[in-house]
Number of protein chains: 2
Amino acid sequence: MDVKTVCLGMLTDGPASGYDLKKQFESTFSHFFSAGYGSIYPALSSLAESGLVSCEEIPQEGKPDRKVYAITDEGRARLLEALRDTRPCHKIRSEFLATICFAHLMPPEDIEAVVDHRLDEIAEFQEMVRHFERECLSEWHEGLRFVLGVGKTVTGAMETYIKENRHKLTQRPAAKALSG
Amino acid sequence: MDVKTVCLGMLTDGPASGYDLKKQFESTFSHFFSAGYGSIYPALSSLAESGLVSCEEIPQEGKPDRKVYAITDEGRARLLEALRDTRPCHKIRSEFLATICFAHLMPPEDIEAVVDHRLDEIAEFQEMVRHFERECLSEWHEGLRFVLGVGKTVTGAMETYIKENRHKLTQRPAAKALSG
DNA sequence: GACTTTATATATCGAATTGATATTATGCAT
DNA sequence: ATGCATAATATCAATTCGATATATAAAGTC
């Protein structure tokens, strides 16, 4: 599933501009799928060109036209087809974990800083989750709730693991003489 | 941190070919950082060009030369510099969760298939973890052990959440008359 | 009142990455 | 003998990333 397909899916909730979709990528989708303008705008253009979305251009003074996209019947059909892929992948790209792999090459204070930063990001995510739970969870489809639940659970587990095991990263290994 | 930096880090454990590094991306690193030949070979060429690794070409009959790369002092210095970035990102790209977001557009049997597939992948990962724990955990740096621990914990939490909540995805919402 | 930041909104561009494919040889099993 | 797995390098189009440019309005701050 590429950015095009996710955009198509988002448009099933109603017409939206590229800017609107970007906001959704930054909020509800941020913890498991990201896309920048450099992916979204070309995706929408391409979808429009192949008739999967329609585009209404609303003229604005001084600014570029606001372009509101809506999914077409053909687009809806194509989306359902794409969703039938029963082997969607789930991939992590963690520069954090990659850094930790080389912790033995780093001074302890740098390791601490990296770990602290990850915990800060986790806290930030949890804050966002609480916000969603207060504000909009009740209006959401079950799928979105499930996805938020996964994020919350997984992130909580990671937080616990990091807090319980971080001390091992800064302990230098015992003198080799003892183990060899 | 890009593929180049990770390759540089892997080479601190000793000289290796692109093929060797690919195997490491497919085993120990697979659950948090992936890279294909299309990234690895250009990365190694570029590192060699800037003197961060040296390359010994071992001629072979009929096949292209085997190229064994080793990190240089300059490469080691550059790596340490790169590792000082205290804000390495941690990003998930999950076509699985994206699909689930649109579960309300899918027939229940497709949802079941998607969820089953994810659980299969999780089981496969856990099998790999057990293999590592049996075979090589004792020789690993603390960093790599920590990273494996994170993977194990996070994946276990995801598995539990999915098993406990998957039924909600196939329950169609109650008749609107009751809630409106 | 002047200044800065934030939000609205589209667009592009080079660089990095992905995923697939090509090539060639060896060894092993059926 | 035919196919399959492994070893090993390499390339390529398509996609994605991250940063930047452009332009205006509103809202906050000194």
Side-chain angles (χ1 to χ4, degrees), chain A residues 1-8 15-27 29-30 32-50 53 55-69 82 85 87-95 98, chain B residues 1-8 15-27 29-30 32-50 53 55-69 82 85 87-95 98:
Chain A
M1 187 180 326
D2 52 11
V3 172
K4 265 199 299 215
T5 311
V6 176
C7 289
L8 212 45
S17 66
Y19 187 76
D20 294 333
L21 296 187
K22 172 69 170 146
K23 276 189 294 185
Q24 206 173 336
F25 275 111
E26 278 166 358
S27 62
F29 278 57
S30 65
F32 64 92
F33 206 106
S34 54
Y37 291 124
S39 310
I40 296 169
Y41 285 116
L44 288 171
S45 299
S46 152
L47 288 169
E49 206 179 341
S50 41
V53 302
C55 173
E56 193 192 357
E57 297 196 31
I58 299 164
Q60 293 182 119
E61 294 150 32
K63 307 185 225 180
D65 297 351
R66 186 177 142 87
K67 293 180 186 169
V68 176
Y69 295 88
D85 173 14
R87 315 179 95 78
C89 78
H90 175 88
K91 211 156 76 180
I92 295 164
R93 189 194 179 90
S94 179
E95 300 179 0
Chain B
M1 186 179 326
D2 51 11
V3 173
K4 265 197 300 213
T5 311
V6 177
C7 289
L8 212 45
S17 68
Y19 188 77
D20 294 332
L21 296 187
K22 173 67 170 148
K23 277 188 293 184
Q24 205 173 337
F25 275 112
E26 277 167 358
S27 63
F29 277 58
S30 66
F32 65 91
F33 206 105
S34 54
Y37 291 123
S39 310
I40 295 169
Y41 285 116
L44 289 172
S45 299
S46 152
L47 288 170
E49 207 180 344
S50 41
V53 301
C55 174
E56 192 193 356
E57 298 196 30
I58 299 164
Q60 294 182 117
E61 292 152 35
K63 307 185 223 179
D65 297 351
R66 184 177 143 87
K67 293 180 187 169
V68 176
Y69 295 88
D85 173 15
R87 314 179 95 77
C89 78
H90 175 89
K91 214 156 73 180
I92 293 162
R93 188 191 179 94
S94 179
E95 300 179 1

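So that the names make sense, note that chain A is the first sequence line, chain B the second, and so on, each numbered from 1. This one's a predicted model, so the numbers in the text were calculated from it and none came from an experiment.
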Of the non-hydrogen atoms in B:Leu44 and B:Val53, which two are nearest, and what is the gap between them? O-CG2, 4.1 Å

If you compare every side-chain N and O of B:Lys67 against the phosphate oxygens of D:dA10 (OP1, OP2), does one of them come in below 4.0 Å? yes

B:Ser50: partners by side chain to side chain donor-acceptor pair (under 3.5 Å), with sequence neighbours left out: none

Pairs flagged by side-chain hydrogen bond (donor to acceptor under 3.5 Å, both in side chains) wherever residues 35-48 of chain A is involved - sequence neighbours left out: A:Lys4-A:Ser46

Atom OH of B:Tyr69 to atom C1' of D:dA10: distance rounded to whole Å? 11 Å

Heavy-atom closest pair (B:Cys7 atom, B:Ile40 atom, distance to 0.1 Å) is SG-CG2, 4.5 Å

Test of understanding: with side chain to side chain donor-acceptor pair (under 3.5 Å), list the residues that count as partners of B:Asp2, not counting sequence neighbours. B:Thr5

Residues touching DNA chain D, which here means a heavy atom under 4.0 Å, drawn from residues 41-49 of chain A: none

Protein and nucleotides 18-20 of chain D: nitrogen or oxygen contacts under 3.5 angstrom:
residue : atom : partner : partner atom : Å
D:dG18  : OP2  : B:Lys91 : NZ           : 3.3

Overall bend of the helix from C:dG1-D:dC30 to C:dT30-D:dA1 (five pairs an end, 10° steps) is 30°

Phosphate OP1/OP2 of C:dT17 contacted by A:Arg93 side-chain N/O (<4.0 Å): yes

Rounded to the Å, how far apart are A:Phe33 CZ and D:dT15 P? 13 Å

Applying side chain to side chain donor-acceptor pair (under 3.5 Å), can you list everything that pairs with A:Lys67, at least two apart in sequence or on another chain? none

In whole angstrom, what separates B:Ile40's CD1 from C:dA16's P? 16 Å

Taking OP1 and OP2 of C:dT10, is either one under 4.0 Å from a side-chain nitrogen or oxygen of A:Ser17? yes

Whole angstrom value for the distance that separates C1' of D:dA8 from CD of B:Gln24: 17 Å

For B:Lys23 and for A:Asp2, locate the closest nucleotide of DNA chain D by heavy-atom distance; then report the residue assigned to the nucleotide nearer the 5' terminus. B:Lys23

If I take atom CE in residue A:Met1 and atom P in nucleotide D:dT16, what distance separates them, rounded to the nearest angstrom? 12 Å

Side chains of B:Glu95 and A:Val6: closer than 4.5 Å at any heavy-atom pair? no

Ring pair (Phe, Tyr, Trp, His ring centres under 6.0 Å) partners for A:Phe29, two or more places apart: A:Phe32

Identify each donor-acceptor pair in which a side-chain atom of residues 19-26 of chain B lies under 3.5 Å from a protein atom, sequence neighbours left out, and give them as a table.
residue : atom : partner : partner atom : Å
B:Asp20 : OD2  : B:Ser17 : N            : 3.0
B:Asp20 : OD2  : B:Ser17 : OG           : 3.1
B:Lys22 : NZ   : B:Glu26 : OE2          : 3.2
B:Lys22 : NZ   : B:Ala35 : O            : 3.4

Whole-Å gap separating P (D:dT6) and CD (B:Glu26): 10 Å

Considering all heavy atoms, the nearest A:Ser94-B:His90 contact: OG-ND1, 2.7 Å

For B:Lys22 and C:dA20, what is the distance between atoms NZ and P respectively, to the nearest whole Å? 11 Å

Should B:Tyr19 be listed as having a side-chain N or O under 4.0 Å from OP1 or OP2 of D:dA7? yes

If you take all heavy atoms of A:Ala98 and B:Met1, which pair is closest and at what distance? CB-SD, 3.8 Å

